[in-house]
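For this chain, numbers begin at 1 and follow the sequence in order.
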Amino acid sequence: LLKGSVSQPEFPDSEWNAIIQNKVCDFDAVLSSIHSPAVPKSLKERVGAFEIKVEKDVEVTKTVTNEAQWNKAFRLFKRATLHLFPHRDSELATYENHMGDLFLSIDPSLHPRLISYDKAVRNLVANRGDLTLADTNHNAFRNTFRTHIENYGAFVVESTQLASTSFSPSSSRDKWPKVEICKRFNQGACVGTCHYAHVCSRPNCRRQGHGAHECKEGKTEKN
């Protein structure tokens, strides 16, 4: 379907199908495809009554973790999407500006959280018929921001807890981004927003909502 188009932009063939079916595009696969020397293998996908021949991507070897990598992947995604759906130009431009503003306003040490936010937003839009990527002021976007960016966000706290409890030191470093626990928060001295997780530092607790100075876990009552 797409082969032979003179104006077809460079893009991983397997991700064309994601765009056609309004599924989440894998930016890690897009980034890995840049300058990839591997030759993709053919496969067939069905879209309704149509059978489309696409290519199976090479193994994903790179992960989007910072602004520069995200910009590379998004530019390719934008070109490919507009090649098929030119009416989405304004929508994608609005979202690109939204992410650009966030990259500028959020400390680079927290950009992995912003990458997580982007994935969650694109998944949200793909699964809801009442949203587009241009709806950046929608409550659903705000809730997703809190979940993936703020220190009290469910995703951030869960990642912190999983990284410090059940996994061995080596496996936790491999599977979960390390978010250090705020020492000042656990001393009752941290106010406002900081770059560290506001969860209890006691090894047998690790819950949010209080610091070690207020934790009752493991304490015994004095007569």
Side-chain angles (χ1 to χ4, degrees), residues 9 11-12 15 18-19 22-34 60 62-82 85 87-163 175-182 184-185 190-199 208:
F11 200 67
E15 299 310 307
I19 294 177
N22 194 32
K23 294 181 179 179
V24 180
C25 185
D26 186 351
F27 279 12
D28 292 341
V30 175
L31 184 66
S32 299
S33 72
I34 300 176
V60 175
K62 296 181 181 179
T63 303
V64 176
T65 59
N66 57 50
E67 180 181 7
Q69 292 173 329
W70 186 89
N71 282 330
K72 287 181 181 179
F74 186 83
R75 280 197 296 268
L76 291 178
F77 164 72
K78 183 179 179 181
R79 290 173 188 170
T81 301
L82 295 182
F85 308 110
H87 65 278
R88 296 186 64 185
D89 189 13
S90 177
E91 173 196 356
L92 297 181
T94 298
Y95 186 69
E96 186 174 19
N97 290 334
H98 169 67
M99 287 296 295
D101 290 341
L102 291 177
F103 275 120
L104 286 174
S105 62
I106 294 177
D107 188 87
S109 66
L110 298 182
H111 282 183
R113 296 188 191 182
L114 189 50
I115 302 300
S116 174
Y117 163 77
D118 163 65
K119 291 179 182 178
V121 163
R122 290 187 289 111
N123 184 65
L124 176 72
V125 171
N127 286 284
R128 285 185 54 166
D130 61 331
L131 290 176
T132 73
L133 290 175
D135 295 321
T136 56
N137 292 320
H138 195 280
N139 284 335
F141 276 64
R142 296 192 182 101
N143 291 336
T144 304
F145 183 89
R146 285 191 286 267
T147 299
H148 291 266
I149 302 294
E150 299 289 359
N151 290 324
Y152 57 78
F155 182 84
V156 174
V157 173
E158 181 182 5
S159 297
T160 303
Q161 291 174 336
L162 287 171
K175 295 188 178 184
W176 300 97
K178 183 174 178 58
V179 181
E180 293 186 15
I181 296 175
C182 181
R184 289 176 59 82
F185 172 76
C190 185
V191 294
T193 302
C194 73
H195 298 163
Y196 303 99
H198 283 191
V199 297
Q208 63 184 112

**Study point:** Taking every non-hydrogen atom, the tightest pair across P12 and S33
**Key:** CG-OG, 3.2 Å
Review point. Is C25 close to V30 at the side-chain level, that is, under 4.5 Å between some pair of heavy atoms?
Key: yes
Review point. Looking only at heavy atoms, what is the nearest atom pair of A140 and L124, with distance?
Key: CB-CD2, 3.6 Å
Check your understanding: With sequence neighbours left out, what residues match K78 under side chain to side chain contact (heavy atoms under 4.5 Å, CB included)?
Key -> F74, L82, D89, L92, A93, E96
**Study point:** Taking every non-hydrogen atom, the tightest pair across H111 and F103
**Key:** NE2-O, 3.1 Å
Point to revise | Distance, nearest 0.5 Å, that separates CG of L114 from NZ of K119 | key: 12.0 Å
Practice item. Could you check if a side-chain atom of F11 sits within less than 4.5 angstrom of a side-chain atom of I19, using non-hydrogen atoms only? Key: yes
Practice item. Flag the pair L110 / I149 as yes when at least one side-chain heavy-atom distance between them is below 4.5 Å, and no otherwise. Key: no
Check your understanding: Which value, rounded to the nearest 0.5 Å, describes the distance between Y117 atom OH and I106 atom CD1?
Key -> 9.0 Å
Review point. Taking atom OG1 of T136 and atom CG of N97, what is their separation to the nearest 0.5 Å?
Key: 9.5 Å
Study note, to complete from the structure: R88 and T81 have their tightest heavy-atom pair at NH1-CG2, 3.6 Å
Exercise for review: Say whether N127 and N123, considering side chains only, have a donor N or O and an acceptor N or O under 3.5 Å apart.
Suggested key: yes
Point to revise | Side-chain heavy-atom pair F27, K72 within 4.5 angstrom cut-off | key: no
Check your understanding: For the side chain of S32 and the backbone of K62, is there at least one donor-acceptor N/O pair under 3.5 Å apart?
Key -> yes
Practice item. Mind listing the closest non-hydrogen atom pair of Q69 and T63 along with its distance? Key: OE1-O, 3.2 Å
Revision key, fill the gap. Nearest heavy-atom contact between V24 and A18 is O-CB, 4.0 Å
Review point. Side-chain contact, heavy-atom cut-off 4.5 Å: E91 with Y95?
Key: no
Exercise for review: Hey, could you give me the CZ/CD1 distance between R113 and I115, rounded to the nearest 0.5 Å?
Suggested key: 13.5 Å
Review point. What is the distance from atom NE2 of H98 to atom OG1 of T94, rounded to the nearest 0.5 Å?
Key: 10.5 Å
Check your understanding: Do the side chains of V125 and F141 get nearer than 4.5 Å, heavy atoms only?
Key -> yes
**Study point:** Sidechain-backbone polar pair: H148 side chain, F155 backbone, donor-acceptor under 3.5 Å
**Key:** no
**Study point:** Rounded distance [0.5 Å steps], CZ in R146 versus CG in N139
**Key:** 7.5 Å
